[in-house]
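Throughout, protein chains are lettered first and strands after them, A, B, ... in sequence-line order, and every chain is numbered starting at 1.
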Number of protein chains: 2
Amino acid sequence: MATGRTHRPATRSRGIPEATVARLPLYLRALTALSERSVPTVSSEELAAAAGVNSAKLRKDFSYLGSYGTRGVGYDVEYLVYQISRELGLTQDWPVVIVGIGNLGAALANYGGFASRGFRVAALIDADPAMAGKPVAGIPVQHTDDLEKIIQDNGVSIGVIATPAGAAQQVCDRLVAAGVTSILNFAPTVLSVPDGVDVRKVDLSIELQILAFHEQRKAGEEAMEALPDGLPAAAAAKGSADQGPDGDVPAVMPA
Amino acid sequence: MATGRTHRPATRSRGIPEATVARLPLYLRALTALSERSVPTVSSEELAAAAGVNSAKLRKDFSYLGSYGTRGVGYDVEYLVYQISRELGLTQDWPVVIVGIGNLGAALANYGGFASRGFRVAALIDADPAMAGKPVAGIPVQHTDDLEKIIQDNGVSIGVIATPAGAAQQVCDRLVAAGVTSILNFAPTVLSVPDGVDVRKVDLSIELQILAFHEQRKAGEEAMEALPDGLPAAAAAKGSADQGPDGDVPAVMPA
DNA sequence: GAATGTGAACGGCTTCACAGCC
DNA sequence: GGCTGTGAAGCCGTTCACATTC
């Protein structure tokens, strides 16, 4: 298979479902912990528990990567760590810029998990001239004016936007124009980007609102339990909630 | 899933899909912006564009809430704002505690969008005695020892965990024991909670890893385009990426 | 015997397309 | 004519259950 007709035959067997991709980092984290404890192999059952998913899902996920397990035994921890890292593209170094060094931007710059897995904070950028030159997390903040040069000089393809909502789209446009093709957006706005650019968003207030919805629903149920009538649904009914032992996935939005 | 009885007959017509719930805050934000500009009505097309989804999805979503639109006209902005707010439980006040006042916790405490919609930071809690009493975002930090009392005195049902990974589960257990039933987790760990407790997680490094995966895939495609052979798939092929004009949803995990 | 890998069934969400209403 | 509301179709992801392999 060579030609690029209908889809992408691509390098390997290709076509890992997005939902699976979103769980790979979870598996990787659990595997890394096992690796540090020098555990040689895990069963799908054990690993699934550690990652907070069910074992059938995990096995299905891994089956998209290939047959990396041994029947009757389980998975080799080190080998899987390597395979998943490779699949996620973490065997290479990804320079990242953070734009908007307010409270959040500074927190992100200081975030250890950042550097840990193939990501490197290549630059911090802020629009406030007073910030310029000041070191945050040991990295001097640079002014927005130099954004394009910074992106190009460092070969940055992943940008993090931590600016106020009002500035986000403009920053996004400049990042994209300068060559960034993946954006992690913390600003509470919908970003428009051309085809081929991925945007993922992290939105605190949306998360809280979703929790509030469920919280309200729970309160409603308790109120119903207080009403004693026909069928008793009380007590055990409390559980339900919603979920599914998964670890779903946020968004990838296009233009 | 659904653990309870068959389902919940519940207060109203009930049964709003989780995917829809996750988008309501998006619609609400877009509507609020329109409201501030005193726009009286919107069509599904316009609102969908502002929220970054497609109009069919938006109409379907709204149909779960009821028939709030007018055919041939559109939706009344103010009315929709109210209905969605009510549905999300934002017409009431939700006291929230933030545990772990490091860089991230402080950023969250300072985050304006927090207070804006029905959420109120009732308390900041940290394990470091040196932090106790210090004001962050105008709120004095309290020590972890008093966690239970703080939760109960303030009637808190939503907790935000911004501690290091190692402390998260322990904090979570204490929050839950004290009566918290919704948790927003920023620590990079899988939390175990009893049935009836909702957990949503925000994980920076997972988001980056997902972006890296797609980024790598793009690089692979470019390499293939470089190989000139039979059928030209180059140029326009760049687009594709993945997505769907949505705004998907993170996770809700159970025990 | 033990645990993986996977076809098949299932369920939920999205998209389509159009009937119904202003 | 314009736009909402929604059945029906299609797609994707999850779960089941078992054949396969060690």
Side-chain angles (χ1 to χ4, degrees), chain A residues 6-7 13 15-24 26-27 40-49 51-77 79-80 83 242-254, chain B residues 1-3 6-7 13-24 26-27 40-49 51-77 79-80 83 242-254:
Chain A
T6 23
H7 267 118
S13 43
I16 300 180
E18 187 58 29
T20 295
V21 171
R23 280 187 295 268
L24 292 181
L26 233 49
Y27 302 143
T41 60
V42 258
S43 66
S44 62
E45 203 74 48
E46 295 166 318
L47 184 55
V53 305
N54 74 52
S55 63
K57 197 185 283 185
L58 178 142
R59 287 201 301 279
K60 189 60 132 186
D61 283 342
F62 286 179
S63 77
Y64 293 117
L65 307 182
S67 288
Y68 294 151
T70 308
R71 295 168 200 243
V73 179
Y75 300 92
D76 181 278
V77 172
Y79 187 57
L80 249 193
Q83 291 299 344
D242 21 84
Q243 1 127 317
D246 26 342
D248 256 77
V249 39
V252 175
M253 34 174 47
Chain B
M1 289 272 112
T3 348
T6 15
H7 263 121
S13 45
R14 237 356 44 87
I16 300 181
E18 187 58 29
T20 295
V21 171
R23 279 187 296 267
L24 291 182
L26 234 51
Y27 301 142
T41 61
V42 254
S43 67
S44 62
E45 203 73 48
E46 295 167 319
L47 184 54
V53 305
N54 74 50
S55 63
K57 198 185 283 185
L58 177 143
R59 287 199 302 279
K60 190 62 137 184
D61 284 342
F62 285 180
S63 76
Y64 293 118
L65 307 182
S67 287
Y68 294 152
T70 308
R71 294 167 201 245
V73 179
Y75 300 91
D76 182 277
V77 173
Y79 187 59
L80 250 193
Q83 290 299 343
D242 22 85
Q243 359 130 319
D246 28 346
D248 256 75
V249 40
V252 175
M253 33 174 48

_Any B:Lys57 side-chain nitrogen or oxygen under 4.0 Å from OP1 or OP2 of C:dC13_ = no
*Quick one: A:Tyr75 OH to D:dT21 C1', roughly how many Å, whole number?*
13 Å
*Between C:dG5 (C1') and A:Ile16 (CD1): distance, integer Å*: 16 Å
*Quick one: pull up CG in A:Leu80 and CZ in A:Phe62 and give me the separation to the nearest 0.5 Å.*
5.0 Å
*Over all heavy atoms of both residues, which pair between A:Glu46 and A:Val42 is shortest? Give the atoms and the distance, please.*
OE1-CA, 3.5 Å
*asked:* Can you measure B:Leu80 atom CG to D:dG5 atom C1' for me and round it to whole angstrom units?
replied: 14 Å
*asked:* Can you give me the closest heavy-atom contact between B:Ser44 and B:Leu58, atom names plus distance?
replied: CB-CD2, 3.7 Å
*Nucleotide-resolved protein contact map, nucleotides 6-12 of chain D, B/S/- at heavy-atom distance under 4.0 Å*: BBB----
_Tell me if the aromatic rings of A:Tyr79 and A:Tyr68 count as close, with their centers under 6.0 Å from one another._
yes
_Rounded interatomic separation in angstrom, taking CD from B:Glu46 and P from D:dT4_ = 9 Å
*Contact class for A:Phe62 vs. all strands (heavy atom < 4.0 Å): base, sugar-phosphate, or nothing?*
nothing
*Rounded distance (Å) that lies between atom P of D:dT4 and atom OH of B:Tyr79*: 16 Å
*Any side-chain heavy atom of A:Val53 sitting closer than 4.5 Å to one from A:Arg23?*
yes
*Spacing of B:Leu24 atom CG relative to C:dC13 atom P, expressed in whole Å*: 13 Å
*Would you mind reading off the distance between A:Glu45 atom CD and C:dG1 atom P, rounded to a whole angstrom?*
19 Å
*When you check the phosphate oxygens OP1 and OP2 of D:dC3, does a side-chain N or O of B:Tyr68 lie under 4.0 Å from one of them?*
no
_Consider side chain to side chain contact (heavy atoms under 4.5 Å, CB included). Of B:Val21, B:Thr20, B:Leu26, which one does B:Asp61 pass it with?_
B:Thr20
*Check every atom of C:dT4, C:dC22, D:dT14 against the side chain of B:Thr70 and return the nucleotide holding the closest atom.*
C:dC22
*Side-chain N or O of A:Ser44 less than 4.0 angstrom from OP1 or OP2 on C:dT4?*
yes
*So do the side chains of B:Arg59 and B:Tyr75 get within less than 4.5 Å of each other, counting heavy atoms only?*
yes
*Between A:Asn54 and D:dT15, is there a side-chain N or O to OP1/OP2 distance below 4.0 Å?*
yes
*How many Å lie between CG on B:Leu58 and P on D:dT4, as a whole number?*
8 Å
